[in-house]
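Chain naming here is simple, since letters A, B, ... match the order of the sequence lines and numbering starts at 1 in each. Side chains included, hydrogens not; waters and symmetry mates left out as well; all remaining heavy atoms used.
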Amino acid sequence: MRWSQLFIPTLRENPAEAEVPSHQLLLRAGYVRQLAAGIYNYLFLAQRSLNKIQGIVREEMDAIGGQEMYLPGLNPAEVWQESGRWDVMGDNMFRLKDRWGRDLCLGMTHEEIMTYIARGELRSYKQLPQLWYQIQTKFRDEPRPKSGLLRVRQFLMKDSYSFDMDQAGLDAAYQRHYDAYCRIFDRCGLKYTIVEAHSGAMGGSQSHEFMVASDAGEDLIVVCAKTGYAANMEKAVSRASAPSAADPEGDLAPEEFHTPGKKSIEDVCAFDGLPATSHIKSLVLVADDKPVLALLRGDHQLSEPKFEAAVKAKTFRPAHPAEIEQWMGAEAGSLGPVGVRNMRVIADRALEGRRNLIAGANKNDYHLRNVTPGQHFKVEYFDLRQVMAGDTEVETGEPLEIVKSLEIGHIFKLGYKYSESMGLKVLDAQGKEVTPIMGSYGIGIERILCSAIELYHDADGMILPPAIAPFGLVITPVNWNDAGQREAAEKLYAEAKQAGLDPLLDDRDERPGVKFKDADLIGIPYRITIGKKLPQGLVELVNRKTKKAEEVTLAGAIAAVTK
RNA sequence: CGGGGCGUGGCUCAGCCUGGUAGAGCGCCUGGUUCGGGACCAGGAGGCCGGUGGUUCGAAUCCACUCGCCCCGACCA
């Protein structure tokens, strides 16, 4: 296409509202413009790139037997009420009423609608398995849209759903998605990590997230460079670092000491001169209406998902200050496990085998020293803590790293959650009704573009992987008014089109500097510059990524790009 | 929802404290000179200073309310 006729509104300066690189560059390079918080207009370049991404996704989904559908974004309330998610989704769901006052919502995801279709049509085991997908706009009323296209209220998602007769069928569908996702992200040129994930409110048994390391990310994952271990924060396990100071020897008896006004572990450390690792952190939580005392090493943080799993609670919350007073006889700053009989006491494994530690005395402004778990109080051990910097891999002791990452894909074994709640049943070979088992698999389309930009950019702009760049090649005659250059440019342009290179011809009457800057900014992988050496039959091929330029003959230029 | 910041030509920002003619750079338009990394000269267009109400002879500037946007936190199938 011809640049002079296109709408590519590049900016010289970074718009003030943009902070993360992908947001800045999407705006500066004229890919997108904001309409409202978390709502963006995708202009010409963004649309081209997103189309290419969707093309790749489509090919790979089709290759594993996916059948593409197009489902409504506007949904009636009833379907969501059946699954119970009309209430569960709360304020995250956009809701509206039609002219008759009937409740509708904008779809956040499509488990319900897919299950609704399946329920109406699938009758026999002979019709299974099915694998359905769509690439469609989703709406979520995010509490805080941010970071450009990374967290928005309207976005594109590829979501697929598998329906199988049994666990083995689901396992196979899951594995096919896992492999297809790898091919998709590989083809899009991304570097990613696959982590085991917590299934969360989706329910189900197994789940993996596809993550791209980036400071713009919102999730933390734990990886081991040596062993390849990778998990998200909710699920990651580790070996704790050694305590900073050795425990005092001997069977010492707990001994009260006065700690006026020292509430936090930090305060008490400063007061008694011992490191946080020599202290016990005591948290009172209320799990399914029953109080639980959770103990951690002073420097550790409670992992809420792990706590939830340990006590097998449906709901839990921190205890209110009044409850703590009532149950423990002291305020939150002076709590400890010694003498606690009215609630379950659980501790993180990092406290197992420790001796003579510091804990609250359950008496305001007093702590105890020489507290030994198992000896001075009864306790059950679980893995309760969040992995922290300095921890090592459980099996090998190799160092673990905590990496900020962006989630670009997520696959779930859903199980029977939706098929059961919505009454999807088919007859098996024995004529018996069975409930199919489901899987759900998502990819954030815009996030692929964003993470590519986050991964690949420099001071001059984007460096998009060829497969997802809006154009494959830009042809830049240095002076459009030079008849010879113009002619050569037209020739290369026609040739490049022929070769399927998806070329962009910069036929603008602009100075060369402007053309070079713009080409770099919008991230086209290759540029052919037609300039001073044209009389010798030479042009220049520039690689956007390496910035290397090589002289090639006019006749051989297009071949040089494709090789 | 809690905390912080910001709304002034298309973009980046100054002016606001201390009220009195709305500014700069970039971009845009016209003409000319230029043409290998965001040119130069000359001329020009473009702004109810987010909105509403108040104080005042007079408000971009002071006060109140309100709307929007960004950041941190909470939240995040």
Side-chain angles (χ1 to χ4, degrees), chain A residues 7 9-20 23-24 27-30 33-40 80 83-93 105 107-112 138-148 150-153 155 157 159 161 197-204 207 209 216-220 232-234 304-305 317-318 406-407 410-412 414 417-418 440-442 444 459-461 476-482 485 506 508-521 527-534 538-540 542 547 549 551:
Chain A
F7 179 59
T10 58
L11 301 172
R12 276 191 197 222
E13 289 173 276
N14 268 326
E17 73 254 26
E19 200 119 310
V20 302
H23 189 199
Q24 294 180 338
L27 288 167
R28 270 196 69 202
R33 288 292 184 263
Q34 187 176 53
L35 182 61
I39 305 177
Y40 284 83
W80 288 82
S83 72
R85 291 209 293 182
W86 179 260
D87 296 320
V88 172
M89 292 303 190
D91 287 338
N92 275 336
M93 181 180 257
C105 66
M108 307 176 67
T109 171
H110 280 76
E111 279 83 5
E112 280 81 358
K138 309 285 177 191
F139 299 90
R140 294 182 192 180
D141 196 357
E142 291 289 342
R144 185 150 92 83
K146 60 174 188 174
S147 308
L150 286 174
R151 181 158 291 275
V152 287
R153 296 195 288 177
F155 59 97
M157 180 161 131
D159 48 328
Y161 304 88
H198 185 73
S199 309
M202 287 293 290
S207 165
E209 289 172 342
E218 300 185 281
D219 297 318
L220 294 175
N232 75 3
M233 207 49 169
E234 285 88 67
E304 297 187 355
R317 59 172 173 85
L406 274 170
E407 181 184 344
H410 201 159
I411 55 180
F412 283 99
L414 275 182
K417 182 175 160 122
Y418 296 92
S440 144
Y441 320 86
D460 290 318
T476 308
V478 164
N479 184 353
W480 187 247
N481 291 318
D482 179 303
Q485 288 188 17
D506 195 348
R508 294 175 299 169
D509 185 13
E510 284 288 352
R511 297 172 57 83
V514 173
K515 295 186 176 191
F516 296 154
K517 289 286 184 193
D518 274 343
D520 287 351
L521 184 57
R527 184 180 85 216
I528 295 177
T529 309
I530 303 169
K532 55 198 173 204
K533 295 236 170 125
L534 181 63
L538 295 175
V539 295
E540 202 175 69
V542 186
K547 291 259 168 92
E551 280 186 349

Quick one: the side chain of [X] and the base of [N], do they pair up donor-acceptor inside 3.5 Å?
| X | N | result |
| --- | --- | --- |
| Asn479(A) | G36(B) | no |
| Arg144(A) | C71(B) | no |
| Asp518(A) | G38(B) | yes |
| Glu540(A) | G36(B) | yes |
| Glu13(A) | G38(B) | no |

- prompt: 5'-most contact on RNA chain B: Arg151(A) or Leu11(A), nearest heavy atom basis?
  reply: Leu11(A)

Need one value for [X]: base, sugar-phosphate or nothing, where a base atom within 4.0 Å counts as base even if backbone is also close, heavy atoms only.
| X | answer |
| --- | --- |
| Arg527(A) | base |
| Pro15(A) | sugar-phosphate |
| Asp520(A) | base |
| Glu19(A) | sugar-phosphate |
| Ala18(A) | nothing |
| Ser83(A) | nothing |

- prompt: So does Asn481(A) have more than 12 non-hydrogen atoms from other groups sitting under 6.0 Å from CG?
  reply: yes

- request: Please check the phosphate of G38(B) (OP1 and OP2 only) for any side-chain N or O of Arg12(A) closer than 4.0 Å.
  value: no

message: Is there a side-chain contact between Gln485(A) and the phosphate of C35(B), meaning an N or O under 4.0 Å from OP1 or OP2?
response: no

Whole-Å distance between [N] [atom2] and [X] [atom1]?
| X | N | atom1 | atom2 | result |
| --- | --- | --- | --- | --- |
| Phe7(A) | C28(B) | CZ | P | 14 Å |
| Asp91(A) | C75(B) | CG | P | 15 Å |
| Asn14(A) | G38(B) | CG | P | 18 Å |
| Glu510(A) | U34(B) | CD | P | 18 Å |

message: Between the side chains of Asp520(A) and Lys547(A), is the shortest nitrogen-to-carboxylate-oxygen separation below 4.0 Å, so that they form an ion pair?
response: no

